[in-house]
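These notes are about the structure you will find just below.
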Amino acid sequence: MGDSPSSLETGTLKRASGRARHAAIIMDGNGRWAKKRALPRAIGHQRGVEAVRRLVRGIAPMELDCLTLYAFSSENWKRSETEVDDLMNLMRKFIKSDLPEFVANDVQLKIIGDWRSLAPDIVVMLEDALAQTANGSRKLAVALNYGGQNEITRAAVKAAEQGVITTESIAANLDTADLPPLDLLIRTSGEIRLSNFLLWQAAYAEMLFVDTLWPDFKPEHLERALDDFAQRERRYGGR
Ligand code: IPE
Ligand code: IPE
Ligand code: MG
């Protein structure tokens with residue numbers, strides 16, 4: 001762990017990156033996965049949840065300190081009411097069914113984004129899940145009603161209220177303040193954009209865009225991504 005230059009203060013020497021501590025994934029392509037099979041989008045989302053479960057089960061405890069997953073963006077409200085309802089119901093089901101497993105497997109759930117404005121019953125479920133997993137050592141951060149611009153704005157407002165607006169004070173007020181620095185940002189489905197995800201945190205993260213549609217994503221894909229990351233040379237602007 002000690003040789004990984006994963007914060008901006010280190011890593012001015014040219015060298016391979018070492019182990020990633022924090023990887024994040026834009027889980028994209030559920031709709032296209034379903035369309036290819038002439039299935040409803042809802043089935044694609046269901047299979048997407050299964051891919052999440054498979055991944056959380058599949059990562060070995062030593063591999064990552066934190067995995068962050070983009071589950072619902074602040075712009076996803078623009079989708080049809082039916083699709084938004086389907087996604088919210090899947091979230092309810094997933095928390096209920098998988099929470100005991102998180103607790104048993106030492107997972108510490110974190111939620112980023114404006115999640116407190118989700119439906120009140122979901123907020124209660126999430127608060128309970130956060131409390132039950134508070135002592136876990138493997139962080140799983142889920143981005144819900146998340147938008148990077150909104151996160152930065154909220155952090156800047158809090159920093160202003162505290163009377164100090166600096167890069168550090170804004171960073172300290174981000175939803176990710178208690179997560180390790182972001183090392184690797186992955187997006188599935190072949191789209192090459194951030195879609196408002198982790199805009200601040202991505203400043204010096206390595207990026208990986210893969211064509212795999214999210215429901216097809218397996219732990220092996222993450223292993224490969226982490227191997228790829230380990231070969232990257234991070235320079236942080238220095239030489
Ligand atoms: C990602 O899959 C899941 C969410 C955004 C909630 P999409 O639903 O965006 O799938 P595509 O991009 O339409 O294939
Ligand atoms: C980003 O995917 C959000 C999530 C994966 C949760 P989208 O499918 O919403 O992004 P765009 O609309 O293609 O940029
Ligand atoms: Mg999409």
Side-chain angles (χ1 to χ4, degrees), residues 22-56 66-98 109-119 122-123 125-126 129 139-154 174-176 179 182 184-202 205 207-218 221-222 225:
H22 182 181
I25 310 180
I26 302 174
M27 310 185 286
D28 196 16
N30 295 350
R32 276 161 286 166
W33 186 94
K35 192 167 185 203
K36 265 178 43 182
R37 290 159 180 81
L39 293 167
R41 293 180 66 84
I43 305 289
H45 293 314
Q46 271 177 33
R47 298 296 289 261
V49 171
E50 284 164 31
V52 170
R53 186 174 290 130
R54 194 162 62 207
L55 194 62
V56 177
C66 181
L67 176 67
T68 298
L69 300 175
Y70 202 6
F72 192 86
S73 80
S74 48
E75 287 72 37
N76 287 147
W77 298 107
K78 294 178 191 164
R79 298 190 180 197
S80 73
E81 206 182 320
T82 318
E83 183 166 358
V84 170
D85 283 350
D86 287 341
L87 288 165
M88 294 299 150
N89 286 331
L90 275 172
M91 206 182 304
R92 289 181 175 96
K93 260 174 76 176
F94 179 65
I95 305 165
K96 232 178 244 164
S97 58
D98 287 51
L109 190 68
K110 296 274 177 188
I111 314 287
I112 62 171
D114 189 8
W115 60 277
R116 286 187 181 83
S117 53
L118 292 172
I122 295 184
V123 174
M125 284 174 89
L126 290 172
K139 292 187 167 100
L140 174 68
V142 183
L144 293 178
N145 195 15
Y146 176 91
Q149 292 175 340
N150 171 268
E151 181 197 25
I152 294 167
T153 307
R154 285 187 286 107
L174 292 171
D175 298 348
T176 53
L179 305 182
L182 182 64
L184 176 63
L185 179 54
I186 302 166
R187 182 173 188 143
T188 62
S189 90
E191 306 293 355
I192 306 183
R193 56 174 170 266
L194 293 180
S195 302
N196 206 7
F197 192 44
L198 299 180
L199 300 181
W200 179 289
Q201 298 83 348
M207 311 263 173
L208 182 67
F209 297 92
V210 298
D211 288 335
T212 314
L213 299 174
W214 177 251
D216 292 327
F217 197 86
K218 309 244 157 48
H221 291 93
L222 181 61

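All residue numbers in this chain count up from 1 along the given sequence. Indexing begins at 1, ligand by ligand and atom by atom, following the structure's order.
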Report task. Please write down residue, atom name and distance for the protein heavy atom closest to atom 14 (O) of ligand 2. Result -> Ser195 OG, 2.6 Å

Query raised in the report: Any idea which part of Arg79 is under 4.0 Å from ligand 1, heavy-atom wise: side chain, backbone, both or neither?
Result: side chain

Requested in this report: Before giving the answer on salt bridge (charged side-chain N to carboxylate O under 4.0 Å, His left out), spell out for Arg154 and Glu151 the whole-Å C-alpha distance, their side-chain angles and the decisive distance to 0.1 Å.
Outcome: CA-CA 5 Å; Arg154 285 187 286 107; Glu151 181 197 25; 5.8 Å; no

Report summary line: Any heavy atom of Leu213 under 4.0 Å from ligand 1? The part involved is neither

Query raised in the report: Does some non-hydrogen atom of Glu191 fall short of 4.0 Å from ligand 1?
Result: no

Query - the Mg ion (ligand 3) to nearest N/O/S of Asp28 less than 2.8 Å - result: yes

Requested in this report: Could you tell me if any non-hydrogen atom of Lys35 lies under 4.0 Å from any atom of ligand 1?
Outcome: no

Report task. Mark whether atom 12 (O) of ligand 2 lies under 4.0 angstrom from at least one protein heavy atom. Result -> no

Report task. Have a look at ligand 2 and work out which part of Phe72, if any, has a heavy atom under 4.0 Å from it: side chain, backbone, both or neither. Result -> backbone

Query raised in the report: Is Asn76 close to ligand 1, meaning an N/O of one under 3.5 Å from an N/O of the other?
Result: no

Query raised in the report: Which option out of Ala34, Ala71, Gly48 puts a heavy atom nearest to atom 6 (C) of ligand 1?
Result: Ala71

Query raised in the report: Of the backbone atoms (N, CA, C, O) and the side-chain heavy atoms from C-beta on, which set of Met27 has a member under 4.0 Å from an atom of ligand 2: side chain, backbone, both, or neither?
Result: backbone

Query raised in the report: Does ligand 2 have any atom that is closer than 4.0 Å to a heavy atom of Lys78?
Result: no

**Report entry** Contact with ligand 1 for Ser189, non-hydrogen, under 4.0 angstrom
**Finding:** no

**Report entry** Main-chain N/O of Ala42 paired with Asp86 side-chain donor or acceptor, under 3.5 Å
**Finding:** no

Requested in this report: Could you please spell out the steps behind the salt bridge (charged side-chain N to carboxylate O under 4.0 Å, His left out) verdict for Arg32 and Glu191?
Outcome: CA-CA 12 Å; Arg32 276 161 286 166; Glu191 306 293 355; 3.0 Å; yes

Requested in this report: Assign the ring pair Phe197 / Tyr70 to parallel, tilted or perpendicular, where the plane angle (0 to 90°) is split at 30° and 60°.
Outcome: parallel

